[in-house]
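Below: the structure, in C-alpha cells.
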Protein chains: 2
Amino acid sequence: MSFSGAAAELGYTQSAVSQHIAALEADLGVRLLERRPVAPTVAGARLLAYAEPILLRLAAARADLARLAAPRPGPLRVGATPLAAAAAARLAADEPALTLCVTTRADLPRRVATDDLDLGLLDGYAAPNDPLPGTDLAPMDVSVHGEQPAVVALPRDHPLAARPALALADLALARWIDAPQVAAPLAQLRALAGAEGFPAGVTYPGTDVAGLLAAVAVGHGARRAPGRRGGGAPGPRRGGADRHPRGAPGGAAEARAGAAVAGTGRRPWTGVAVRSVTLGTPAAVDHRPPAEARTGTP
Amino acid sequence: MSFSGAAAELGYTQSAVSQHIAALEADLGVRLLERRPVAPTVAGARLLAYAEPILLRLAAARADLARLAAPRPGPLRVGATPLAAAAAARLAADEPALTLCVTTRADLPRRVATDDLDLGLLDGYAAPNDPLPGTDLAPMDVSVHGEQPAVVALPRDHPLAARPALALADLALARWIDAPQVAAPLAQLRALAGAEGFPAGVTYPGTDVAGLLAAVAVGHGARRAPGRRGGGAPGPRRGGADRHPRGAPGGAAEARAGAAVAGTGRRPWTGVAVRSVTLGTPAAVDHRPPAEARTGTP
DNA sequence: ACTACTTACGTATGTCGTAAAGATT
DNA sequence: AATCTTTACGACATACGTAAGTAGT
C-alpha cells in the first residue's frame, strides 16, 4: 500500500493523506507507518487492531439510529451459517418475502449490527449461559432456538464408523479436516475436549457443506459437524426477532445436525457415515485410553 | 442536566454546545435531546449506550500506544476485586513497591485497558473455556490463577449451617443478600443454578467483605461468597503479567474462598458459618426436592 | 420578566489542494 | 531519472465566541 494509493481510494490527494498521518503521529507521539515502502510499525499495527472494532461500533450506532428513525421497508433479510441455513430456509414458509444469505459465524453479528441483515441464525458450541461472540457489538436480542447432540462425519470405511457413537477424545489424534467456516475450528475442538491433539491437516476454507462432506468421503480426514447446543439467533432490537418470538423450537439445531444426512433429502451422503459424539471433559480424556484413536483415519 | 451546565464542564459556551447537538442531530436525522427540560430522547439514550464502549476503546488505544512509546516508571499498580485483594496483597512480598486498589469486577478491565492499572486480579465464576467479561476491550494477557470450590456464608443459627456442605439449588429460596460487588450477583446465581428463585432481598452495594459478613451474621440473609473457578488475572501486554508469569498458583482463589474466614486471621467470623456449595445444574435442580430450601433463612 | 436555548455573524483554527522541494531506489 | 513523500502556501470549510433573537416558565 502507498499514500498515493490510499489517497486515490479516499478521493483525496497524496498530500492530504500525508498530512493526516503526520498529524496523527504527532498527536500520539509515535511513528505509525514506515515509509518507502509504506508498512505499519509495531505501534501502527496495534492501533489498527483497535480501529476495527471502534469503526464497527460507530457504523452499528449509525445504522441503529437510522433504523430507529425510519423502519426499513422491503423483505426480511436473514443471514445464517452454513449448517443453520436449512433452518433459515424453513422460515421462508412463514415469511412470504425473505432474503437468505449464508456467511461466517464471525461475520453474522457484524452484519446484523450494521443493519446489513435483520436476523441471524448461527450454530455452534456454547456453554449453557455464556454470551455468543460478537453479541456485544451492539445491543441485540439473542435467543437460543435449539440444542442437539454433536455429530461427526467419517468416511464409510473408517474403523470408527462401525460404532454407533463416539467420544470426542477418541478422535483427538484422528486426521481432521479443519473447516472453521462450516463446523467448529480445530482450536475449539481442543478446548471442548480439554485435550491436546486435533492436529492441523487439510483445511477446508469454504462454506459449502456438500463440498466438505465430499472431501470427508474421499478420505481427506474425519470431520465433525457441530451439535451440542443450538446456536443462538441474534436479531435486531426491532424487527425479525420480535415478529418470530417462537420459531420452530430446535429448528436451527435440527438443520445443523441434519445437514450431513437429512439436509440433502435424508438419503445418506455417498461414502460418509455420521455418528454422534460425546464432548469429552478433561477428566473423561484422562481416564479413557486413547489407543484406539490412532487406528482411525483413512 | 442543561446545555449551559455541559458547556461549563467542557469549557465551552452554551452556544457551542447547542451547535454541536444541532449538527449531530442534523447528521443523524434524529432528535437526540428534548429541550426545556433537557433530557435524552429514545434515540439519544440509544446513542449514549453506543458511546461509552467506543470512548473506552479510544482511551484504551491511546493509553496502549503511550505505554508502548514510553514504558511507565514507578511502582506496579495492581487492582483487585474485594475477594482477590488478599492474593494481591501477597504479591507485595515479591514486589517491593506496589500500589493496591480494590474495585469492581466490571471496573477492573476498564482500568487495565486505559493503563490506569498495570495488573488486575479478579475473582468470579466462569465456565472452563469462556473469556472473561471486559477482556475484549483491548488486547490483554489473561490467565487463570486458581480454582476453588464455592462457599456460602450463613448466620451461625441458620438451619442449613448444621450441614457440612450444601447444593446451590437448596438455597434457591433462601433470603439472600445481593452483594454484586463482593460476591456473584443474584442474576448469576440463578444462571449457575439453572433455576428461578434467589429473590432480591437486601442489597449490599459496598465492596467491604467484613461489612457484608457482619450483615450476614446479623441475619439479613444467607450470602454466598464466590468460588468454583479461580478468577483470571488480566494483565497488560507488557508489564506486570510478564514479570510475574507464575504467581502463587491458586493465590486468588484461596483468598477468595478464605476471605470469609481466613482473610481475617483464620478465626471464624462472629456469627457466620462458611459452608461449601455445589453449583447446581438444571438437571440437578429438577430432580431435587426444593422443600428443604423453604425452611432456610433466619 | 427571567432563564435557557437558538440563530446570526465575525474570527480563528484546521483541512485540503496545488505546487515545489526532498528523499529513496 | 523516476517515483514517492514531505513541505509550503493559498483557498475553503469548520468550530468557537459574542451578541442578538426566541421560546418556554
Side-chain angles (χ1 to χ4, degrees), chain A residues 1-66 68-70 114, chain B residues 1-66 68-70 114:
Chain A
M1 191 43 122
S2 67
F3 283 25
S4 341
E9 270 187 43
L10 296 168
Y12 287 163
T13 58
Q14 302 91 331
S15 174
V17 173
S18 181
Q19 288 176 46
H20 267 144
I21 300 296
L24 188 57
E25 286 177 337
D27 179 20
L28 296 172
V30 193
R31 191 162 188 80
L32 297 172
L33 293 173
E34 221 54 72
R35 327 292 158 89
R36 201 181 299 268
V38 171
T41 63
V42 178
R46 189 74 73 85
L47 181 60
L48 193 63
Y50 282 96
E52 195 185 358
I54 291 175
L55 293 176
L56 204 60
R57 272 156 219 270
L58 283 171
R62 189 173 280 274
D64 197 3
L65 291 197
L68 198 73
T114 55
Chain B
M1 193 43 122
S2 68
F3 282 26
S4 341
E9 270 188 42
L10 296 168
Y12 287 162
T13 59
Q14 302 91 332
S15 174
V17 175
S18 181
Q19 289 175 47
H20 268 144
I21 300 295
L24 189 57
E25 286 177 336
D27 180 19
L28 297 173
V30 193
R31 193 163 186 77
L32 297 172
L33 292 172
E34 221 54 70
R35 327 291 158 90
R36 202 180 297 272
V38 170
T41 64
V42 179
R46 189 72 73 85
L47 182 59
L48 194 62
Y50 283 95
E52 195 185 358
I54 291 175
L55 293 175
L56 204 60
R57 272 157 219 270
L58 283 171
R62 189 173 281 274
D64 197 2
L65 291 197
L68 198 73
T114 55

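Here is the naming used below: chain letters follow the sequence lines, and residue numbers restart at 1 for every chain. Heavy atoms only: backbone and side chains are in, while hydrogens, waters and symmetry mates are out.
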Between CZ of Phe3(B) and CZ of Arg36(B), what distance do you get to the nearest 0.5 Å? 10.5 Å

Among the candidates dA8(D), dT5(D), dC16(D), find the nucleotide nearest to the side-chain atoms of Ser15(A). dA8(D)

For the pair made of OH in Tyr12(B) and C1' in dT14(D), what is the distance, rounded to whole Å? 13 Å

So what does Gly11(B) hit on the nucleic acid, given a heavy-atom distance under 4.0 Å: a base, only sugar-phosphate, or nothing? sugar-phosphate

OG-CG distance between Ser2(A) and Leu33(A), expressed to the nearest 0.5 angstrom: 11.5 Å

Categorize Val38(A) for me: base, sugar-phosphate, or nothing, with a 4.0 angstrom heavy-atom threshold over every strand shown. sugar-phosphate

OP1 or OP2 of dA4(C) versus the side-chain N and O atoms of Ser18(B): is any pair under 4.0 Å? no

If I take atom CD in residue Gln14(B) and atom P in nucleotide dC16(D), what distance separates them, rounded to the nearest angstrom? 14 Å

Between C1' on dT15(C) and CG on Leu10(A), what's the gap in Å once rounded to a whole number? 14 Å

Using rotation axes that map the C1' atoms of four end pairs onto the next four (five pairs an end), what angle separates the end axes of the helix from dA1(C)-dT25(D) to dT25(C)-dA1(D), to 10°? 30°

Any Glu25(B) side-chain heavy atom under 4.5 Å of Thr41(B) side chain: no

Output the residues of residues 19-37 of chain B in contact with DNA chain C, where contact means a heavy atom of the residue under 4.0 Å from an atom of the strand; sort by number or write none. Gln19(B), Arg35(B), Arg36(B)

What is the distance from atom CD1 of Ile21(B) to atom CZ of Arg31(B), rounded to the nearest 0.5 Å? 10.5 Å

Does some side-chain heavy atom of Leu47(B) sit less than 4.5 Å from a side-chain heavy atom of Val30(B)? no

With a non-hydrogen cut-off below 4.0 angstrom, is Thr13(B) in contact with a base, only sugar-phosphate, or nothing? base

Just checking Ser2(A): base, sugar-phosphate only, or nothing, at a heavy-atom cut-off of under 4.0 Å? sugar-phosphate

I want to check something: taking the side chain as every heavy atom from C-beta on, are Leu10(A) and His20(A) in contact at a cut-off of under 4.5 Å? no

Quick one: are Tyr50(B) and Leu65(A) in side-chain contact, heavy atoms under 4.5 Å? no

State, yes or no, whether a side-chain contact exists between Leu58(B) and Leu55(B) at a heavy-atom distance under 4.5 Å. yes

Pairwise distance CG(Asp64(A)) to CZ(Arg62(A)) - rounded to 0.5 angstrom: 12.5 Å

